[in-house]
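This one's a predicted model, so the numbers in the text were calculated from it and none came from an experiment. Along the sequence shown, residues are numbered consecutively beginning with 1.
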Amino acid sequence: MADLVPPSVFSKVAHQWVHKNKKESIMFVMYVLKTDCVAQARTHLQNKFGKSVEEAIAIVDANRSDCCTGFIIGHRGTGAHVLTCCHSLKEFYSAEEQLTREMVQWFDIHVMCTHQEEHLASSNSSLYDNANYPRIYTMATAVKVDGNKDLMLLEINMNQLYRRAGNRCQRSHVPLKLAKSVPPQLNDVVMISWPPLLPDTVVTGELTNTSRCYNQLSSETNKGYNMRLIELNMIGRDGRSGSPILNHEGEVAAVYHGRLHDKGYAASFRDVQDFLGPRFRQMCGLT
C-alpha cells in the first residue's frame with residue numbers, strides 16, 4: 001500500500017461555509033435598567049416575590065445590565081426583527097409572575113451589529129484594553145416575549161444601525177431562516193455567538209438528543225419553562241444565550257438556552273415557530 005500523504009489542514013469546509021455566510025446576521029444585545037425604573041423594579045420584587053427592601057435593592061443593583069446574543073430573523077421595510085432569549089431578566093419573572101412587555105420596558109435594549117465591532121477593532125489596536133470603550137448602540141423594542149420558552153422578539157430601525165459614528169451600516173444583515181426539521185442525532189451543528197468583548201465566537205458540536213423536557217434535566221421549575229430542548233455536546237459561557245444553532249444549510253435548528261450540567265441546551269425551531277405565531281411568522285417572512 002502506498003504511503004498516505006499527510007493532510008495540510010484539518011478541514012471543516014461545511015462548518016466554515018455556514019460561519020462565513022451567516023455571521024453577519026449576529027447581534028450583540030444588552031439590557032440596561034432605566035434609572036427612572038429602579039424604584040419600580042425594586043417594588044415589583046418586594047410585592048411579587050416577597051423580597052425585603054434590602055434584598056430587592058441588592059438584586060436590582062446586581063442586575064442593572066446584562067448581555068446576550070441575538071440574530072436577525074426578518075426584515076419589514078426599514079425595520080428588522082431580532083430573536084433572542086428572555087432569561088437575562090430572570091430575576092424579575094417566574095412561572096407565576098410571567099414576564100410582560102411592560103416589564104421589559106423598564107430596560108433600555110441596546111443592539112449592535114458585527115460590522116461596527118469589526119471597524120472598531122481594525123482602527124483601534126487597544127480596543128479590548130478598555131472594557132468600557134464606547135460603542136454606538138441601536139435602541140430596540142420588545143414586540144413579543146415568552147418567558148416559558150425563553151424567547152424574545154425585538155424590533156430595530158435599520159436606519160439607526162451604525163457601522164461608525166455618523167455612518168449607517170450599509171453591509172448585509174440577511175435574516176436567518178428557520179430549519180424545517182431537527183437534524184438527526186450525532187449530526188454536527190454550528191453556534192455563532194457574541195459574549196461580551198468576544199465577537200464572532202463560533203463553536204461546533206454534535207446534537208446528542210432531539211427532544212428533552214426541562215424537568216428531565218432540572219428540579220428547578222420556578223420559571224415554568226415548557227420548551228422542547230435540543231441537547232448538544234457543546235456549552236457556552238455567559239452571553240451566548242440567544243445564539244442560533246445552525247444546521248449544515250445555515251438554517252436555525254434551535255436557539256441556545258444555556259448550560260445544564262455538562263451539556264448545552266437549546267429551544268427547538270418548533271418552539272420558535274409556536275412563539276412567533278402566524279402573525280410574526282408572516283412579518284418575518286417565515287410563512
Side-chain angles (χ1 to χ4, degrees), residues 29-70 82-110 140-154 195 211-231 235-243 254-261 263-268 270-277 280:
V29 180
M30 179 169 63
Y31 301 92
V32 179
L33 183 61
K34 298 175 183 175
T35 302
D36 58 359
C37 291
V38 168
Q40 190 173 359
R42 290 173 179 169
T43 301
H44 171 79
L45 291 172
Q46 292 174 251
N47 293 343
K48 301 298 185 180
F49 294 93
K51 302 297 183 182
S52 67
V53 173
E54 293 76 14
E55 288 173 329
I57 290 173
I59 291 171
V60 168
D61 287 349
N63 292 274
R64 284 180 179 253
S65 67
D66 203 358
C67 305
C68 59
T69 301
V82 177
L83 189 63
T84 187
C85 64
C86 282
H87 72 251
S88 290
L89 310 181
K90 62 184 179 295
E91 297 293 344
F92 301 97
Y93 70 94
S94 68
E96 292 74 30
E97 298 296 335
Q98 288 288 297
L99 183 66
T100 65
R101 286 175 58 196
E102 289 71 29
M103 291 161 61
V104 177
Q105 288 172 3
W106 300 342
F107 295 81
D108 284 328
I109 307 174
H110 302 283
T141 302
V143 294
K144 188 165 188 180
V145 298
D146 188 341
N148 295 137
K149 294 191 182 299
D150 190 26
L151 292 171
M152 186 182 302
L153 187 67
L154 308 176
S211 184
R212 297 284 196 208
C213 295
Y214 199 88
N215 58 11
Q216 286 180 281
L217 309 168
S218 174
S219 59
E220 296 182 9
T221 58
N222 62 324
K223 297 302 179 196
Y225 292 137
N226 61 13
M227 58 277 206
R228 302 298 294 189
L229 292 166
I230 289 175
E231 185 178 82
I235 56 177
R237 58 173 288 164
D238 291 348
R240 284 184 175 171
S241 298
S243 302
V255 179
Y256 191 70
H257 169 68
R259 172 182 179 174
L260 290 167
H261 311 300
K263 298 283 188 180
Y265 291 90
S268 79
R270 293 189 181 93
D271 286 297
V272 176
Q273 288 180 326
D274 292 344
F275 162 72
L276 292 173
F280 284 104

Chemist: Supply the atom-to-atom distance D36 CG to W106 CH2, rounded to the nearest 0.5 angstrom.
Modeler: 12.5 Å

Chemist: Is L33 close to N63 at the side-chain level, that is, under 4.5 Å between some pair of heavy atoms?
Modeler: no

Chemist: Do L151 and M227 touch side chain to side chain, with heavy atoms closer than 4.5 Å?
Modeler: no

Chemist: Measure across C68 and T84 and return the closest heavy-atom pair with its distance rounded to 0.1 Å.
Modeler: SG-OG1, 3.2 Å

Chemist: Of all the heavy-atom pairs spanning G70 and V29, show the shortest one and how long it is.
Modeler: N-CG2, 3.9 Å

Chemist: Going from NZ on K223 to CG on N148, what distance comes out if it is rounded to the nearest 0.5 angstrom?
Modeler: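 The distance works out to 11.0 Å.
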
Chemist: With heavy-atom distances below 4.5 Å as the criterion, would you say the side chains of M103 and L89 are in contact?
Modeler: no

Chemist: Are F280 and V143 side-chain neighbours, meaning at least one heavy-atom pair lies under 4.5 Å?
Modeler: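 When only atoms from C-beta onward are counted, V143 and F280 do touch, with a gap below 4.5 Å.
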
Chemist: With a 3.5 Å distance limit and no angle check, can you tell me whether D150 reaches the backbone of H87 through a side-chain donor-acceptor pair?
Modeler: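 Looks like yes, one N/O pair under 3.5 Å.
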
Chemist: What distance separates L260 CG from L229 CG, expressed to the nearest 0.5 Å?
Modeler: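 If I round to the nearest 0.5 Å, the distance is 7.5 Å.
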
Chemist: Parallel under 30°, tilted from 30 to 60°, perpendicular over 60°: which one fits the rings of H44 and F92?
Modeler: tilted

Chemist: Please give me the minimum heavy-atom distance between F275 and V145, naming the atom from each residue.
Modeler: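 Where F275 meets V145 most closely, the heavy atoms are CE1-C, 3.8 Å.
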
Chemist: Tell me which one of R228, K149, H257 satisfies side-chain hydrogen bond (donor to acceptor under 3.5 Å, both in side chains) with D271.
Modeler: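 Answer to the side-chain hydrogen bond (donor to acceptor under 3.5 Å, both in side chains) test with D271 among R228, K149, H257: K149.
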
Chemist: Using the rule given for side chain to side chain contact (heavy atoms under 4.5 Å, CB included), can you reason through C86 versus Y93, listing the C-alpha separation, both sets of side-chain angles and the distance that settles it, and then say yes or no?
Modeler: CA-CA 10 Å; C86 282; Y93 70 94; 3.8 Å; yes

Chemist: Is any side-chain heavy atom of V32 less than 4.5 Å from a side-chain heavy atom of H110?
Modeler: yes

Chemist: For atom NZ of K48, is the number of surrounding heavy atoms from other residues, nucleotides or ligands below 6.0 Å larger than 12?
Modeler: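 Atom NZ in K48 is not packed in, count stays at 12 or less.
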
Chemist: So, do D61 and R42 sit near enough that their side-chain heavy atoms are less than 4.5 Å apart?
Modeler: yes

Chemist: Heavy-atom distance under 4.5 Å between the side chains of Q105 and T100, does that happen here?
Modeler: no

Chemist: Around atom CG of D238, are there more than 12 heavy atoms of other residues, nucleotides or ligands at under 6.0 Å?
Modeler: no

Chemist: State, to 0.1 Å, how close C85 and Y31 come at their nearest heavy-atom pair, and which atoms those are.
Modeler: O-OH, 3.3 Å

Chemist: Any idea which heavy atoms bring L217 and R212 closest together, and the distance?
Modeler: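 That closest heavy-atom pairing would be CD1-CB, 4.1 Å.
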
Chemist: Could you check whether any side-chain N or O of R240 sits under 3.5 Å from a backbone N or O of G242, counting only pairs where one atom can act as donor and the other as acceptor?
Modeler: no

Chemist: Between the main-chain N or O of C37 and the side-chain N or O of Q40, is there a donor-acceptor pair closer than 3.5 Å?
Modeler: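 Flag not set: sc Q40 to bb C37 has no pair under 3.5 Å.
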
Chemist: Do I235 and Y256 touch side chain to side chain, with heavy atoms closer than 4.5 Å?
Modeler: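 With C-beta onward as the side chain, the pair touches.
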
Chemist: For K144 and L276, work out which heavy atoms get closest and say how close.
Modeler: NZ-O, 3.5 Å

Chemist: Just verifying a value: how many Å separate I57 CD1 and Q46 CD, rounded to the nearest 0.5 Å?
Modeler: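 Reported to 0.5 Å precision, the distance equals 7.5 Å.
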
